[in-house]
Engineer: 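This structure is in structure tokens; I'll ask about it shortly.
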Protein chains: 2
Amino acid sequence: MSEKPRVSLAVVKRLPKYYRYLGLIADKGIIRVSSQELSKITGLTASQIRQDLNHFGGFGQQGYGYNVEELKSEIEKIIGIDKSYKAIIVGMGNIGQAIYKYRGFNEASGFKIVGLFDKDKNTIGRTMSGIKVNDIKNINKFLQKEDVDIAVVAVPADSAQEVCDILVEGNVKGIWNFAPIDLKLPKDVVLENVHLDESLFTLTYYMNNLKDYPGTKN
Amino acid sequence: MSEKPRVSLAVVKRLPKYYRYLGLIADKGIIRVSSQELSKITGLTASQIRQDLNHFGGFGQQGYGYNVEELKSEIEKIIGIDKSYKAIIVGMGNIGQAIYKYRGFNEASGFKIVGLFDKDKNTIGRTMSGIKVNDIKNINKFLQKEDVDIAVVAVPADSAQEVCDILVEGNVKGIWNFAPIDLKLPKDVVLENVHLDESLFTLTYYMNNLKDYPGTKN
DNA sequence: TAGATTGTTAATCGATTAACAATC
DNA sequence: TAGATTGTTAATCGATTAACAATC
């Protein structure tokens with residue numbers, strides 16, 4: 001009855017990095033890679049890389065290393081990029097529009113954008129690359145008809161919580177939040193924040209406190 | 001001759017959060033706040049809050065707590081938001097444009113955007129809210145005339161390093177990078193990454209591995 | 001003064017690194 | 001077989017939490 005310890009946030013945040021580098025070396029036609037070689041290109045320690053990967057299974061082989069394609073495909077599955085996701089974007093301001101056009105967030109990458117929503121009368125009804133922007137008031141009805149996995153929240157901070165409550169009600173499973181606020185969500189709805197303000201302030205902090213700057217450990 | 005230990009990344013990443021909440025409670029007209037009250041609204045422990053703040057000085061008072069305005073203004077100085085910064089944006093695609101229009105990154109917030117650059121012939125020469133988009137080839141010359149503190153890098157991954165080398169040469173002090181790549185910079189040029197791909201993959205990981213999801217600890 | 005709450009030290013917890021036996 | 005490199009345990013390091021004396 002012993003339960004596995006949960007995989008820590010630190011490990012999870014490194015997975016996309018592994019995936020990115022494996023893509024790069026796969027593109028070079030490289031077949032095998034050792035933790036030591038991965039260490040050199042990623043800047044992480046070989047020990048940490050082996051430790052991380054072993055949370056998910058023994059993908060390597062003693063004396064050989066890891067098969068690049070195989071490891072890449074395993075990580076793909078672990079991250080869940082092998083699946084496809086239906087998404088909507090709420091708030092079609094600067095950020096919302098940028099995410100809509102963002103290359104990493106389209107059907108080719110497994111994310112199908114099925115709805116766009118905004119509050120502004122001038123934006124509602126406009127067609128953006130084939131999708132008509134819907135009134136934010138209709139999200140509710142929309143979610144009853146359509147099974148949406150992910151909602152991008154790109155509305156102002158003061159309406160973000162309200163929007164999320166509706167999204168949760170509509171059975172959205174993950175929220176990619178760009179509003180500068182800490183949202184309250186039930187624990188089975190996954191939240192991932194992109195807090196641009198915090199990122200920018202981290203930059204200015206280190207510009208003013210170079211002595212604390214750890215180099216690129218972040 | 002004992003040197004202070006550097007302030008850890010974990011602490012630095014929490015400072016903007018303190019600043020944000022202090023702004024909110026200051027707006028409510030609240031005068032004083034205890035670490036316990038801050039704990040309740042931020043979700044961090046009171047112990048951690050006191051520990052964090054004491055890296056920078058004893059801003060509180062026993063039996064009283066912290067003066068909201070004073071603490072806010074101290075953190076402002078620590079983060080460096082009291083200063084003003086000259087910035088350029090390199091790459092005027094979706095992300096570059098969104099950042100240009102982003103409310104948190106304009107003169108009112110202390111960031112003066114003095115130049116926009118792109119590689120694309122159709123974009124160069126266009127005027128965006130008063131600034132003409134310049135050819136990326138001219139960054140070099142531009143930086144010789146103008147003292148730029150921060151450069152936003154929003155070009156494709158495969159040209160990001162090349163662009164950064166020019167920025168470093170031109171004495172830029174901080175780089176806010178949106179390209180999905182780990183840049184190599186001298187250690188006195190501060191790098192802050194916004195890796196949207198990694199953020200999105202963290203979201204899908206937890207959607208597929210709810211058992212590991214720590215709630216909103218990130 | 002009595003109560004409240006900080007600043008700070010000590011204890012705990014968790015993540016990273018080192019080491020090495022297992023094994024391809 | 002000999003060499004290489006993993007998987008995994010143990011040691012170290014660092015960050016968080018608990019506790020409490022200092023003090024407003």
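Note on naming: letters A, B, ... go to the chains in the order of the sequence lines (proteins, then strands), and numbering restarts at 1 for each one. The figures here come from the full heavy-atom set of this structure, side chains too, leaving out hydrogens, waters and symmetry mates. What you see is a predicted model, and the numbers here were worked out from it, not measured in a lab.
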Engineer: Write down the atom of A/Val168, the atom of A/Pro186, and the distance for their closest heavy-atom approach.
Structural biologist: CG1-CG, 3.6 Å
Engineer: Give the residues of residues 20-42 of chain A touching DNA chain C, defined as any heavy atom closer than 4.0 Å, sorted by residue number.
Structural biologist: none
Engineer: Hey, is the main chain of A/Leu38 close enough, under 3.5 Å, to the side chain of A/Thr42 for a donor-acceptor pair?
Structural biologist: yes
Engineer: What pair of heavy atoms forms the shortest contact from A/Tyr18 to A/Asp52, and how long is it?
Structural biologist: OH-OD2, 2.6 Å
Engineer: Applying side-chain contact (heavy atoms from CB on, under 4.5 Å), run through A/Phe111 and A/Asp149 and close with a yes or a no.
Structural biologist: CA-CA 10 Å; A/Phe111 300 93; A/Asp149 303 295; over 6 Å; no
Engineer: Determine, for B/Tyr64 and B/Arg32, whether the Lys NZ or Arg CZ falls below 6.0 Å from the six-membered ring centre while staying within 45 degrees of the axis.
Structural biologist: yes
Engineer: Where does the angle between the aromatic ring planes of B/Trp176 and B/Tyr102 fall among parallel (under 30°), tilted (30 to 60°) and perpendicular (over 60°)?
Structural biologist: tilted
Engineer: Grab the two heavy atoms, one from A/Cys164 and one from A/Leu185, that are nearest each other, plus how far apart they are.
Structural biologist: CB-CD2, 3.9 Å
Engineer: Rounded to whole Å, please give me the gap between CZ in B/Phe56 and C1' in C/dG7.
Structural biologist: 15 Å
Engineer: What does the 5'-to-3' dot-bracket notation of DNA chain D look like when only Watson-Crick and G-U wobble pairs under 3.5 Å count, and pairs to other strands show as |?
Structural biologist: ..||||||||||||||||||||||
Engineer: Rounding to an integer number of Å, can you tell me how far B/Ile49 CD1 sits from D/dA15 C1'?
Structural biologist: 16 Å
Engineer: Measure CG/A/Asn54 against P/D/dT5 and give the value in whole Å, please.
Structural biologist: 16 Å
Engineer: Within less than 4.0 Å of OP1 or OP2 of D/dG14, is there a side-chain N or O belonging to B/Arg6?
Structural biologist: no
Engineer: Any side-chain heavy atom of A/Pro16 sitting closer than 4.5 Å to one from B/His195?
Structural biologist: no
Engineer: Just how far, in rounded Å, is P of C/dA15 from NZ of A/Lys13?
Structural biologist: 14 Å
Engineer: I want to check something: taking the side chain as every heavy atom from C-beta on, are A/Ile89 and A/Met92 in contact at a cut-off of under 4.5 Å?
Structural biologist: yes
Engineer: Over how many whole Å does the gap from B/Tyr66 atom OH to C/dT5 atom P extend?
Structural biologist: 12 Å
Engineer: Evaluate the side-chain proximity of A/Val114 to A/Val148: yes if any heavy-atom separation is below 4.5 Å, no if none is.
Structural biologist: yes
Engineer: For the pair made of CZ in A/Phe59 and C1' in D/dT5, what is the distance, rounded to whole Å?
Structural biologist: 17 Å
Engineer: CG of A/Leu53 versus C1' of D/dG7: gap in Å, rounded?
Structural biologist: 11 Å
Engineer: At under 4.0 Å between heavy atoms, which parts of nucleotides 17-24 of chain D does protein reach? Answer with one letter per nucleotide, 5' to 3': B base, S sugar-phosphate only, - none.
Structural biologist: BBBB-BBB
Engineer: Run the numbers on B/Tyr66 and B/Phe59 for ring-ring contact (aromatic ring centres under 6.0 Å, His included), then give the verdict.
Structural biologist: CA-CA 7 Å; B/Tyr66 302 87; B/Phe59 304 131; 7.8 Å; no
Engineer: Write down the distance between CG (B/Asn67) and P (C/dT5), rounded to a whole number of angstrom.
Structural biologist: 15 Å
